[in-house]
Structures are given as C-alpha cells and as structure tokens.
Amino acid sequence: MSSLDEQREMRRTVAEFLDRQADPARLRTLPPPADGFDGELWRRAVVELGVGALVVPESAGGLGLTFADGALVLTEFSRRLVPGPLLDTMVATAFLSQVDTPSGAALLRRTALEGLSFAIATEEVAGAVGTGRVTETGAWQLSGRKRSVVHGAEVDVLLVTARVDGVPAVFAVDGAAPGVSRIPRAGLDHTRRYAEVVLDGAPADLVDGPGPGRLLDLMWVALAVDSVAAARQCLEQTVAYLKVRQQFGRPIGSFQAIKHRCADMAVTLAGAEATAQYAVQAAQGGGEELSVVAPLAKSVCADAFMVVAAEAVQLHGGIGFTFEHEAHLYLKHAKANQQLHGSGAQLRREVGRLAGI
Amino acid sequence: MSSLDEQREMRRTVAEFLDRQADPARLRTLPPPADGFDGELWRRAVVELGVGALVVPESAGGLGLTFADGALVLTEFSRRLVPGPLLDTMVATAFLSQVDTPSGAALLRRTALEGLSFAIATEEVAGAVGTGRVTETGAWQLSGRKRSVVHGAEVDVLLVTARVDGVPAVFAVDGAAPGVSRIPRAGLDHTRRYAEVVLDGAPADLVDGPGPGRLLDLMWVALAVDSVAAARQCLEQTVAYLKVRQQFGRPIGSFQAIKHRCADMAVTLAGAEATAQYAVQAAQGGGEELSVVAPLAKSVCADAFMVVAAEAVQLHGGIGFTFEHEAHLYLKHAKANQQLHGSGAQLRREVGRLAGI
Amino acid sequence: MDAPHAAVDETFRAEIRAWLARGLTGEFAPLIGAGGPGREHELIDLRAAWERTLGAAGWIGIGWPVAAGGRGASLAQQVIFHEEYARAGAPGRLGHMGEQLLGPTLLAFGTAEQQKRFLPGILSGTELWCQGYSEPGAGSDLAGVRTRAERSGDGYVLNGQKVWTSLAHVADWCFVLARTDPGAERHHGLSYLLVPMRQTGVQVRPIVQITGTSEFNEVFFDDARTGSENLVGGEGAGWRVAMGTLGFERGVSTLGQQIGFERELNTVIDTARANGSLQDPDIHSRIVQAWIGLKVMRYTAVRTLASSADGVPGLEASISKLQWANWHRDLGELAIDVAGPEGLVAVGGAYELSDAQTLFLFSRSDTIYGGSNEVQRNIIAERLLGLPR
Amino acid sequence: MDAPHAAVDETFRAEIRAWLARGLTGEFAPLIGAGGPGREHELIDLRAAWERTLGAAGWIGIGWPVAAGGRGASLAQQVIFHEEYARAGAPGRLGHMGEQLLGPTLLAFGTAEQQKRFLPGILSGTELWCQGYSEPGAGSDLAGVRTRAERSGDGYVLNGQKVWTSLAHVADWCFVLARTDPGAERHHGLSYLLVPMRQTGVQVRPIVQITGTSEFNEVFFDDARTGSENLVGGEGAGWRVAMGTLGFERGVSTLGQQIGFERELNTVIDTARANGSLQDPDIHSRIVQAWIGLKVMRYTAVRTLASSADGVPGLEASISKLQWANWHRDLGELAIDVAGPEGLVAVGGAYELSDAQTLFLFSRSDTIYGGSNEVQRNIIAERLLGLPR
C-alpha cells in the first residue's frame, strides 16, 4: 500500500466517504454534546474504512499504511475539520508500532479488531507530568493530572507521559479503568472536546520504546499535517468567496490590496505545506533529523494556519464573524493547533537549542 | 520666545534659510570629506540664526527657546537630513542648562558667544564606559574609549559618560585637549560622520546635575524628533512620487495594495509623531514621566522611521536603490537612529522594567 | 502631562466621580463591568434603568449646548466624563447611538421641530436609538445601500434589510439611510430617515456571532412606515447627513475607551504573572509592546484633542480606528496565548467563555465593523494622502 | 531526507567537488567568495578566465541535451552541481545569463542556425550575455517596453534604453525585448532580438547603487544594429519567447543559492555569539526564525524539484522569489542589527562596507529586481489563485 496509485485510491475512497458522511453543513448543525466529537461518524469510518488502524502493521491486523500514506488520509479529515479522534489515534498507533512490548502489540491488535481510539496526554512541551510507580505485584500505577486532553473523555485509551524516578516515560491507560476520572469540558474550538484527566493510582502499561520525545515528535508532525490541510481548505474557500462577493460594484477579489494579501497567504502556506510534507517523510524515516523537523514543522504550520484563518475571518467581513459561517471554526481550530502540545515560541526555542543557536 | 506666533516665525526663518542653503541636491553632491558633516552650513546657521544656542538661556546669551520650540527648529533640519551637530548640540545645551556648576555655565556662555558644537558619547543604553579620576591638583582626568560617536572628530566639546567609583557621571571634554585622540570614520549613514574617541588621561570637567540618565533621556527624545521629522518628509516625497509615476498605464499610487501600505505608514507615523510631541513636552516639563516616555519615544519613532524609509525604497522601485536618489539616505539615517544610544529591543526592555512588567 | 485640565475641570471630575461611586451601588451594583463590546447582551433592563438615571442627573449630552438641553461642557470635561465613567467600570451605554450620533446630527441638520421632538428623549435616557446603515451585500460600502423608502401619503414606506445593527432589539427608533430615488446610483438619491422600531413592519433578528452570543442584529423593513416629518436634511441629502455624523465625536470618548483597554491589558499581565508565561521572552516582549502601543494611542488621542480645532476629524477618526482596532485584536491574541492550553477549554458547559476567550474572539470584529480596516485605509490613502482613486 | 540522490549522483558529486577543489587554486584562488549579488563588480577579468576554464572542462550547460553540446545531466545532478559550486565558494558566474536564460530559449525557440551560431560560445564560456528587458518608466512592467526596433535592409535598427542590466559592461551580446510594431500595445508587437554589444550604437552606463558600488547598468541603444538572422521566434513573438524563459530554470540553482544563504546566516550567528548580542532575546528569536525560514525554503525547494514534472514552474518561481527575497532582506536587517553601533561605521575610508553592511543594503534590491514583490503577488493572485484582474 505505498504505490502512488494505491495512495490515490485510498485518498479518493476516504474523500468520497467524507463527502457523503461529513458534509460541513451537517457538522455545523450537530447539537451539543455531539458537537466537537462525532462518535457516529468515527464508528462508521472505523467499520467501513478501517481508519482507526491506518498505520497499524498488517501483521497486527491493520491496514499497514506508511505514516506518509496515513497522513494523506488524515488530510482529508482535517480539511473538513471532522471532529473525532483520528489524529491522536494515528499518532498513538504509529508510536506503538515502534514499541516492542507485549502490551504495545496487544493494543495494536485490539485497535485493528475493536477500533480502539486514543488520546495523547502530554501537556508540556517536551516533559511529562504525573508520576508512575510499580506496585507490589509488579504492575504500574499512575497518579497525576492532565489538562486540556483532546477528546480525553471520549476515547478508549490514553497515552500518558509520566515520570518514573524523574525520567519521562509513556504509559497506556484504559480510560474506563478504576482510578481514572475524566472531566469533560467544552472547547473554545468546536471541532474538539477536551477533558481534564485525573489519575489516582490508575493501572497503566509501560509502552516505552522510542520514548516520550518520539511520541511528541509524531504528535507535532500530525498537527502540522492537520494545520496545512485545514489552512488549504480555508484559503480555497476564502478565495472562492472573494471571486463572487461584490462590493463597490466589483468582486472583492479584484481589489489589489486583497489580492496581495491572498498571495502572501499562498506563499506562507506553500512553505508550510512543503515543511509538513518533509516532516512526514522524516517521521516515516525515523532518523535523527525528526527531532528538529517535528517541532519546526508544528510551529511553522500552525502559525501559517492561524494567519490564513485570521485573514479568512477578516476578508469575509461581517459574515465571517457569525456563528453560522464556518470561518470561525477554522480560526478556533487554528488557535488550538498553535497551543496544543507546546506554543510556537516554546517550540522555536526548542529548535534553536537543537540547532545549537 | 514661546508664543505660537514667535514659534511659527522662528520655524519659518529656519525653513527659508535651509531652503536657500541646504538644498538636498547640494547636500547629496558634497564631495568627501564634506559629506556627512556640512561645516560651512553649520557655521552660517550659527552666525545667522544662532542655532547653536537655541535652548541656551537668555541669561547666558542664548536664544532661550524652550525645548519644545528648539525641537521645532530641529525638525526643519531633520526633515532635510542636514548633516551637522545640531541634534547633539541641542541635547548638550539643554542638559547643561539644568546643571549649576561654573563649568557648565561657562560652556553655555561660550556656546552662545563662540558657537561651540557638541557630541554626546555614551555608547551604552543607560550605562557609561571609561573611568574618571581626580588628579593631585583636584582636576578630573578621563581614560577610556567611546565608539561610534556622531561627529565626534568635528565638534568642539564632547559630553562623555564615565564611571567614578562605579557611579556614572557626565563630563565635558575639550576635543582639542591633550590626551584626546579622535579617529574619524566614515558612516554607513551619509548624513553623519563618526569617530572613535580615545581618552588617555584627558582633562575633563564634571558637569553632573541631573546625571547621565537625564542626558540619555534628552538624547532619546531628540532622536525621536529627528526620526519623525525625516520620516514625514520621506513619506511625503514617496507619496508625491507615487502620484506621478506610471506603471501598467496608471499612476502607481492608484494601485490599492500600494495605497493600503501608504495608509499603514501614515497611521504608524501619526502615532509616532504624537509620541515624539508628547515626549518633547515631557522633556520640557522635566517630570518623572520622562524616564519612561523618552526610551519609549525613541524606540517607537526610530522604528516608525525605519518602516517608512524601507517602504520608500521599495515603492520607488529600481530608482530607490540608486545612489543618486535620496531614498537610501533616509534608509541609512533611519537604521542609524534605531541603533544609536540603544536598540529598540533594549529600550523596550527598559520601558518594561520601568513599567513594572 | 495629562490631557490639559484646568482647576475647574478637576472640580467637574470630582463631581462625576462621586456621582458614579454613589450611583453604582445597590440595585445598580451588578452593572459594574457589564455591557460594552462583546457584552451588549448583558443586563438589558437594568442598563435601561441606568440610562434613565443618568439622564435624570443630567449626565447625558453634557457636551450639547445649554439651549439644546446639554451642559455645554468643554472638550476637556467631556473627556473627563468618559475617563471617569470608564474608571468606575460603569456599564456599556445603551443610549450612546442617540447621544453620540443622532443627537449631534439633529443639532446640525434637524429642524426645530425634530430637535424638540427627539432631543428630550435622548437626554432623559427614555428613548433608545439604533443605527441603520450597513446592509447585506454592501458591508462597509455605505453607498451601496439598497433599502428603499417610497413616498406614501404623508410619509414613507420602507422595504429592505440592515445588518450589524447593535441594540436593535432594545431601540425605540432607528436612524436609517435609505434610497428614496431608485434611479440614482451610489451616494446620490439617499435619504436619512428616523423610523420607529415598534411597528409590525420592522422585524429584528439577532445574529449569533463568533462568541456564541448575540449583540448585532439583522433588521428587516417590510412596509415599515414613518412620517415625512422624520426626514432629516431633506430628500436626497442622506449621504451628506450620514457623512457629517462621522466627524462629530472628535475623540472625546477615546481616552475613556483606553481606560477599558488598560484594564484588559492589566488582566492579561496579571494572568501572565500568575501562570508564569511572563517569563517567556516572547510573551514578555509582546506584553511590553502592547503596553507601549496603548501609550502611543493615548498620546495620539491627547494630540488629537489638543489640535481638534484645526484637525480633520473624519481622518483622525480613521487613523484612530485602525490604531485601536489592530491593537485590540492583537491584545485578544495575546490574551489567549497568555492563557495557554487552559485557554482552549470553555469555562462552563454550553460555550461559556472566559474573559480572555471573549476578548480573543470578539476583538476580531473590531477590524470589521464601524468601517473595516480596508475601508479606513482607502479613506486615509485617498483623502489624507491624496493618492488617486 | 536530502534531495533524492542515487549512487550515480554521488559519483557525479565527487567529480565536480574534486574538480572545483583543484580548480580554485593558484591563479583562481582569489575567486573564492567573489562576485555574485552585491559583488558583481569584483575581479571581472579573472572571472572571465574562469568561465572559459569551466567551459573547457564541460561544466557549462550540463543540463542541456547531449546533441546540443550539454551532458544531459538529470535535475538531481544539476542540483548537485549548484550545491557543490556554492559549497566551494566558487565565484559568481559571468555566464549565467547565457547558460540559464538565452541557451534554453534558443533550444526552445531558436532556429538550427541560431543554435549553431550561439550555443558553442555559451558552452565554451567565450561569449557572455546580458538581458535587455527592463526599461526606465516600465520597471517590472515588461509589457510597457518602448525600445523600438525598425526593419532596415537586412536587419533591425534599435533605439531606446534598458536599465538594471547586470554585467552589460562585460557582455558580448544582449537579448533584447523590443517593439517592432509601433502601433501595437502592451504585449503585442514585441520581438526578441539578439544584439551585439560591441558596436558604436550601444552605450553602457553603470548605475551607482545604494552600496556605492555598481553592478547594474543602463544600456542605451542609439541606432544600434543587428541582423535579421538574430530575431528569435519570429517578429511579434517576443512576449511569448520572453515569458517562455521564465519557466526554464525549474529551481535547480535554488538549493545552491541556499547554501550561500546558510553561509551568510552562519556569519551572522558567529557575530552575534562573539559580540554577545545572541544573549538578547529579541536577536536570539530573530536568528532562530531566520534559521527556520531557511529550512522552510529548503523544504519548499526539495518539494518543487520532486514534483517539477507536474508543477507549474512559473508560479513556483514566483512563490520561491517572494520567499527568498523577503527572507534575505530580513537577514540583511538582522545582520546590521546584530552588528550594533559598530555596524554604523564604514570599514574603510571611502565607503568601504563590511559584509553585514553590504548584506543589509544590497538585499534591499532583492524585493525589487527580477520581478518586484508586487509583481510576484499579482502573478500569484491572478494565475495561481485565479482572482479576477
């Protein structure tokens, strides 16, 4: 499943499915609490397309896509702002595929079989909160608190970063396990729900391997992909609007000041898209370069998305400021992408540090 | 000399003098080493207009203008980028007017009588370099090194900040005194010359009073005035060019993208001009507020000038990139204004500190 | 170094300050901090009562001539009023459209009868107004107005739609820009009409905005009627009358507005200090920039006030609008960035937002409504700089 | 994760690297770092000799078909050539107008005779070319060309003026866009003519630029002549031929250009570290941003190369131009800010500038020449995004 034809076929299948099932109008009219998490759509996408197991190896029953091919599927979801756990699930399963513990393998098999969904709980840029300790029976227990966990109350499994003797590690926690409290909270961003997750001696599996750094790298790359996909859609929609909408007797898009701003957005986005693509290749390759490219890509792409989404609201004028129009969904999603798992300024400092500056 | 009519009269007299004597074409064709310092023009301005003693009190034989009225005269020089020591001389004499040592009073009288010119040598944001010590005869001697002193080799007197037992103080040093070496250096900015000043036991007069902090405050305010005056001229010249210059069969200034950039410049400059004006009033009032307003004004106004000057080069297209056209003079002067006596980032941190942020 | 205030002005300041301190207690205590941009939906009834209280105490229209029922207060005193009003956290004014826009318009263009009929209701806070300018499909392009007003008997019948009409749901009257000459184009053939809101021909529909709340409305005129005595400035003079309004405010409320901005900025600084983000050099630098930007706006306002005699108020208004709209939008983004990941989560279940979140979202309207940034730039480029169309 | 290179490419890389290491010694050693933007005035004679040496070794036109005298090198190999050329600090090419622009134009639009006459001179480095497009009063508006070429006997007589013509003073020939049909407007009636520079009808005047040095020229045609055999693509086809040239480069030199940028950025970082300004959070942040920006350009170039088969080269060129011109201008400002007050003082007496000063000043031309930022934005908005004119 890596030839160009197969890629295109998979992408087309997903696009057609989403065009049928995830019409933006439908998503905008989902009543609370269905807004922010379309569980029904996710279930269908898992059953019909197997999207939960995109990058789960074929040996574990998954589709065995490369990370790059998985990113193409993610792109189709992201540009429609489909509210669901695909991004975190893809990151989690890509990470677990690089782990060789029995518990990691078991999670992958269950993902392929049962359609497990995941949320990644890190909160800090490159660190970890909470503590892990080994009980007398040799099992791990976690205690601590994670805030702003995306879809944290809805998913099946949480991948949690925690410190063991001061060293950060990754654990898998069953969301329904005792000792796990998940307090759902509405998001500023209508396309995501959040949870505060409180762990109080919650049973956990150590799924370490490449470590929390790699988990964050994959998350950053996925957020970069999500950002440019949504930004591209947002820009295209805005340009389409500017072509038809008239003011002062001419299409707004014929005013040179508007054109130049659109051109600047296109240039910014082109650079971000190339960066996301490069980061996806780096994530797939798994080389050393990823540790610089991943935070770089996340900050560049989320910032580009924010620029495009903010300009989209402005260029739509009054209508872009309404709840009915979708422009605000992109604005809020973009701001969340900037904030989640480390701000742009934090990630840039991380890049500078790695670059020896 | 403070009524509105007298202000206007003085300003008009100066403008007419400069229109006759300081035609920009003449200034641009001054051969080296006259470029960067028009000594002949300065001599005439001193003799005919008394500009060396603008803010020297009438009791010391000066014109006794307020700092605000002096700033109006400076504005006329600045918008024409007249290369000479007016700015530093005005700052120095305003500072000396607040000093009540005999040596300070003597300097003011000599300025009114002989037309002394000054350069301010500080180099650091709010600090001082060099050291002062008292000789056995009770006189002060300075040793140390100052770089990038504006017109440092051409002026009569240097006001130098130096440390005495670790405490910064201001000294006056006769430029021709033994122990003073002045190494002239051409500037990036054609409207200023620079010198490296080496003091090796140079005789000096302590002219402290309000202290080096106040000297810097006055310098910052004067640079703010210089910046907005030059920026206004630069913007007006650019707008005039855009009205006549045709491209694609229309005046460039009719293209909306260009218009909007000019509008943004006008807004930036309007804020900077108001800031400079407020700072001038604060400098005249001499209250506590000056210590915040002065660095704020310098950074805001120099940055606004740089924005306008850079846009002017760009909007002039190829011609703005030539040596013949004056656009580059503004660009280089603007960059110097940003750098002299503390960068924008340094001054903003100073403002933040004073604001308790 | 403050806006120039004489001793008499300080007496005035003490008077309004004391009055507000007394006034904002008891039943009116909940009004502190209520209303204003992004909060216009709050405590409507109480704020209406507050308007009447303000009016009864003579605090509405203080800058109007004494003969017209005002106090003839100086510019300096008007500034002081707005400063103290903001400092006290007094509520967003329901009556500001009448006081700031319609009143001055009637004083300049209205007949004696119109002044007699409408000024007292404004001054007493008993009649509230809204502005009927913007239309769907026209946006910031006022000359694109399509709402028609046709002569019918001794009055006009209006048909059309307005948008972005703040407070339309509470207003008694609307000042409407409508096309009375259907054959004329652009800014010709427009008239300025005063239209009663409480009639069957007028429907108000709230617009749900980016914050999930409603503050702007759509107003539908469907055979709405008004009398010919409610035409201001004569038929076809609508453009001149509406444009004349632009210069009225002369920036007297600007310094008061900035006190509100300062309060918002201080909250951002407090949050940044509390959650540690002030240590982030990027956040620190942006906060200092915001602090400096606010000062620059203050100095600009002080200068505008001092020179308003020879300034061009409309152009100064465009410069001021761009300045504050961009500053406030940037502050909104700074506020949400300071809040960090915590700022991604709503305060309450049903999209109840924190102050930082509301600021981030609502400030996006600042650069759009009341003449978008793009329109302001056109005005500055063409009218101030004289660049060709 | 590099641009995709096969093993055969690495052999190629070793070959050019070794050749350059040998070549840039002895008489050619002073050429290291010479020439290029902002330095085109340096060591002209030695660089001309270097061109002939390059040509003799078969390093000019490596991407051209073997039948045309090239090596038929792959895109990847062309990239490698440019990378290694930049890495070695080899001098700015005097022959790049011929190799990169005229050669491909003749391959696409020239007659067999024209190819036979002109390609060997380019490939051997013995005939140098300059570009006669821009004119005073037209700037970036190529369709505004006014230079006239009139039929006269068996050739054309040219009258008019070109500007911003790099290397005109060393070129043997100029490819000129001239108006052959004086009645036609805009991009109609233009022709693409090859004109010998060494004739009395051609005068070259250097333009002294912001740096005090000269690199661009004005070229005056005053009854200059060329033969009708030097018309490319037929009379009136000038626009099509000139526009066709835009897409030729396909970004093969971009990665090489970025190696030069990286060297400049590293110098800035070294200076910042040495003078302590790297400790300034503002400078630090700008340096990291510049480092990231360079990476983004690199990723963009890698992507463009990988997809150049289906990409639209002209549009990718516009995106790339805006990207690097703005990045480089910002780097120039960063360099001078890092230099601090010391950067205000010239290195030598007669306006001899430091590297940082030259970078600051010369990079101001990047956003102007070769299609200004404004023109690139028009192209992207209209041709890529399809926004209406």
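Here is the naming used below: chain letters follow the sequence lines, and residue numbers restart at 1 for every chain.
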*Asks:* Taking every heavy-atom pair that is under 4.5 Å apart, which of B/Val351, B/Asp264, B/Ile258 has the most such pairs with chain C?
*Replies:*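 Of the candidates given, the most pairs with chain C belong to B/Asp264.
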
*Asks:* Which residues, numbered in order, of residues 278-288 of chain C come under 4.5 angstrom of chain B by heavy-atom distance?
*Replies:*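 The stretch touches chain B at C/Leu278, C/His284, C/Ile287, C/Val288.
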
*Asks:* Just give me the residue among C/Met297, C/Glu382, C/Lys295 that pairs up with chain B most often, heavy atom to heavy atom, under 4.5 Å.
*Replies:*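 Greatest number of close heavy-atom pairs with chain B: C/Glu382.
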
*Asks:* Please check this pair: side chain of B/Ser343 against backbone of B/Gln346, looking for a donor-acceptor N/O pair closer than 3.5 Å.
*Replies:* yes

*Asks:* Measure B/Gln256 against the heavy atoms of chain C and call it side chain, backbone, both or neither at under 4.5 Å.
*Replies:*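 The answer is the side chain of B/Gln256.
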
*Asks:* So, the side chain of C/Ser320 versus the backbone of C/Glu316: is there a donor-acceptor pair under 3.5 Å, distance only?
*Replies:* no

*Asks:* Is C/Asp355 salt-bridged to C/Arg263, cutoff N-O under 4.0 Å?
*Replies:* no

*Asks:* Measure up the B/Phe255 and B/Phe248 rings against each other and bin them: parallel (under 30°), tilted (30 to 60°), perpendicular (over 60°).
*Replies:*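 If you compare the ring of B/Phe255 with that of B/Phe248, the planes turn out perpendicular.
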
*Asks:* Should we count CD of B/Glu288 as having more than 12 external heavy atoms under 6.0 Å?
*Replies:* no

*Asks:* Hey, is B/Glu76 close enough to B/Arg11 for a salt bridge, meaning N to O under 4.0 Å?
*Replies:* yes

*Asks:* Kindly indicate whether a cation-pi arrangement holds for B/Lys298 with B/Phe305, taking the cut-offs as under 6.0 Å to the six-membered ring centre and within 45° of the axis.
*Replies:*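 No; the conditions do not both hold, so B/Lys298 does not lie above the ring face of B/Phe305.
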
*Asks:* Would you mind checking if C/Arg298 and C/Glu262 are paired as a salt bridge, meaning a charged N to carboxylate O distance below 4.0 Å?
*Replies:*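 No salt bridge links C/Glu262 with C/Arg298.
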
*Asks:* For the side chain of B/Arg80 and the backbone of B/Gln233, is there at least one donor-acceptor N/O pair under 3.5 Å apart?
*Replies:*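 A pair under 3.5 Å: no.
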
*Asks:* Mind ranking B/Leu296, B/Val239, B/Thr275, B/Ile357 by heavy-atom pairs under 4.5 Å with chain C and telling me who comes out on top?
*Replies:* B/Ile357

*Asks:* What pairs with B/Phe321 under ring-ring contact (aromatic ring centres under 6.0 Å, His included), at least two apart in sequence or on another chain?
*Replies:* D/Phe362

*Asks:* Relative to chain B, which segment of C/Asn378 carries a heavy atom at a distance below 4.5 Å: side chain, backbone, both, or neither?
*Replies:*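 For C/Asn378, heavy atoms of backbone and side chain both lie under 4.5 Å from chain B.
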
*Asks:* For residues 307-316 of chain B, please give each side-chain donor-acceptor pair under 3.5 Å, one per line with the distance, not counting sequence neighbours.
*Replies:*
residue  : atom : partner  : partner atom : Å
B/Glu311 : OE1  : B/Arg261 : NH2          : 2.9
B/Glu311 : OE2  : B/Arg261 : NE           : 3.0
B/Gln314 : OE1  : D/Thr367 : OG1          : 2.4
B/Gln314 : NE2  : D/Thr367 : O            : 2.9
B/Gln314 : NE2  : D/Glu374 : OE1          : 3.1
B/Gln314 : NE2  : D/Glu374 : OE2          : 3.4
B/His316 : ND1  : B/Ala312 : O            : 2.7
B/His316 : NE2  : B/Gln237 : OE1          : 3.0

*Asks:* Taking 4.5 Å as the heavy-atom cut-off, does anything in residues 329-341 of chain C contact chain B, and if so which residues?
*Replies:* none

*Asks:* For the backbone of B/Asp69 and the side chain of B/Thr66, can you confirm whether one donor and one acceptor N or O come within less than 3.5 Å of each other?
*Replies:* yes

